[in-house]
Trainee: 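Before I ask anything, here is the structure I am working with.
Throughout, protein chains are lettered first and strands after them, A, B, ... in sequence-line order, and every chain is numbered starting at 1.
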Number of protein chains: 2
Amino acid sequence: MKLRENYTCPLELVHDMIRGKWKTIIIFQLRKGKCSFSELHRGIEGITQKMLLEQLNELKQFELVTKKTFEGYPLRVEYYLTEQGEKMLAAVKIMQEIGIDHMLHHGMKDSLDRKGIPY
Amino acid sequence: MKLRENYTCPLELVHDMIRGKWKTIIIFQLRKGKCSFSELHRGIEGITQKMLLEQLNELKQFELVTKKTFEGYPLRVEYYLTEQGEKMLAAVKIMQEIGIDHMLHHGMKDSLDRKGIPY
DNA sequence: CCGTATCCGATCCGATACTG
DNA sequence: CAGTATCGGATCGGATACGG
């Protein structure tokens with residue numbers, strides 16, 4: 001993702017902030033606070049290391065996520081939401097509800113149960 | 001966009017619902033109620049007919065938007081948000097705010113002024 | 001544990017021209 | 001006014017392998 005310095009439409013900017021398959025999922029995963037890289041990797045089913053890192057870096061560019069790096073071995077980092085990230089989380093939570101509603105009304109209840117997602 | 005019938009993650013489903021550059025903008029444009037195709041086309045700067053129609057059809061597939069067609073000439077249609085669409089609008093409004101905040105803090109205030117977007 | 005690099009098919013989306 | 005069809009460059013995202 002190329003970072004632009006000019007946008008004429010707020011929603012076009014936000015589209016760039018959260019574009020791609022994984023960004024909202026990552027934001028949602030960070031809802032309970034800081035996570036290490038591998039916690040995120042384990043927590044998000046199906047994501048590859050490459051995609052996770054790439055998307056985290058883009059989220060950092062747009063200041064939705066920050067990273068704290070700790071010295072020493074083994075290497076350790078913490079990713080967490082910024083203030084704007086928390087605001088985005090509010091939108092993401094609504095999306096999560098919409099997704100659950102849609103699944104409930106279209107015969108995907110089992111998928112929710114299998115993953116233990118409450119509704 | 002290929003409509004899938006199985007999702008394991010609600011946010012992946014919602015990502016498909018609103019993916020692409022234009023969908024959130026279209027939803028926001030419908031916030032005040034029904035619009036004809038050409039009203040939308042005029043209201044959304046830079047969108048082509050092809051993209052507008054394509055994105056509207058995808059929004060219909062996911063039941064965020066419905067269409068009412070009127071008989072006679074000239075042809076007339078009305079697009080408007082469904083109940084789920086209104087819920088998505090709540091998320092989109094938060095995104096709009098986030099976008100405005102970001103623009104204000106990154107030297108894009110003029111763009112907002114030029115388009116008459118309040119903040 | 002954390003991050004990087006490359007390859008490649010699939011998809012996005014703008015331009016353009018055309019139909020009812 | 002509303003909708004359709006096609007083409008082609010840009011981007012997305014998965015697989016895979018490598019480096020600090």
Trainee: Roughly how many Å is it from CG in Leu52(B) to C1' in dC1(D), rounded to a whole number?
Mentor: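 After rounding, the reported distance stands at 13 Å.
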Trainee: Measure the distance from CZ on Phe70(B) to P on dA2(D) and round it to the nearest whole Å.
Mentor: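 Whole-Å distance recorded here is 11 Å.
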Trainee: Does a side-chain N or O from Lys21(B) land closer than 4.0 Å to OP1 or OP2 of dG14(C), or not?
Mentor: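 Lys21(B) to dG14(C) OP1/OP2: side-chain N or O found under 4.0 Å.
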Trainee: Is there a side-chain contact between Leu75(A) and Phe37(A), using heavy atoms and a 4.5 Å cut-off?
Mentor: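 Leu75(A) does not reach Phe37(A) side chain to side chain.
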Trainee: Can you confirm whether Asp16(A) sits close enough to Glu58(A) that some side-chain heavy atom of one is under 4.5 Å from a side-chain heavy atom of the other?
Mentor: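 Asp16(A) does not reach Glu58(A) side chain to side chain.
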Trainee: Can you check the Met51(A) CE to dA17(D) C1' distance for me, whole Å?
Mentor: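 It works out to 17 Å between those atoms.
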Trainee: Return the value, rounded to whole Å, for the distance between atom NZ of Lys23(B) and atom C1' of dT11(C).
Mentor: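 One finds 12 Å between C1' of dT11(C) and NZ of Lys23(B), rounded.
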Trainee: Starting at the 5' end of DNA chain D, which residue's closest nucleotide do you reach first, Trp22(A) or Tyr73(A)?
Mentor: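 Whichever sits nearer the 5' end wins; that is Trp22(A).
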Trainee: Check Leu64(A) against Met88(A) and note the closest heavy-atom contact, atom names and distance.
Mentor: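 Leu64(A) and Met88(A) have their closest heavy atoms at CD1-CE, 3.9 Å.
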Trainee: Below 4.5 Å, heavy atoms only, C-beta onward: do Cys9(B) and Glu45(A) meet side chain to side chain?
Mentor: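 No, their side chains stay 4.5 Å or more apart.
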Trainee: What distance separates Arg19(A) CZ from Thr24(A) OG1, expressed to the nearest 0.5 Å?
Mentor: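 Between atom CZ of Arg19(A) and atom OG1 of Thr24(A) there are 14.0 Å.
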Trainee: Is there a side-chain contact between Glu78(A) and Phe70(A), using heavy atoms and a 4.5 Å cut-off?
Mentor: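 Yes; the side chains approach each other to less than 4.5 Å.
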Trainee: If we count only N and O atoms by modelled type, under 3.5 Å, do the side chains of Lys109(B) and Tyr119(B) hold a donor and an acceptor together?
Mentor: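 Yes, Tyr119(B) and Lys109(B) have a side-chain donor paired with an acceptor closer than 3.5 Å.
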Trainee: What does the list of N/O pairs under 3.5 Å between the protein and nucleotides 2-6 of chain C look like, with a distance for each?
Mentor:
| unit_1 | atom_1 | unit_2 | atom_2 | d |
| --- | --- | --- | --- | --- |
| dC2(C) | OP2 | Ser38(A) | N | 2.9 |
| dC2(C) | OP2 | Ser38(A) | OG | 2.7 |
| dG3(C) | OP1 | Lys67(A) | NZ | 2.8 |
| dG3(C) | OP2 | Tyr79(A) | OH | 3.0 |
| dG3(C) | O6 | Gln49(A) | OE1 | 2.9 |

Trainee: Can you list every stem that DNA chain D is part of, counting only runs of 3 or more consecutive Watson-Crick or G-U wobble pairs with both distances under 3.5 Å?
Mentor: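 Stem list for DNA chain D: C:3-20 with D:1-18.
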Trainee: Figure out the CD/C1' separation between Glu71(A) and dC1(C), and round it to whole Å.
Mentor: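 Taking atom C1' of dC1(C) as the reference, CD of Glu71(A) is at 15 Å.
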Trainee: Would you say that more than 12 heavy atoms from the other residues, nucleotides or ligands in this model lie under 6.0 Å from the NZ of Lys34(B), or not?
Mentor: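 Not buried by this count: 12 neighbours or fewer within 6.0 Å.
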Trainee: By ring-ring contact (aromatic ring centres under 6.0 Å, His included), which residues pair with His102(B), not counting sequence neighbours?
Mentor: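 His102(B) satisfies ring-ring contact (aromatic ring centres under 6.0 Å, His included) with His106(B) only.
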Trainee: Using atom P in both nucleotides, what's the gap between dA17(D) and dC2(C) to the nearest angstrom?
Mentor: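 Each nucleotide's P atom is 22 Å from the other's.
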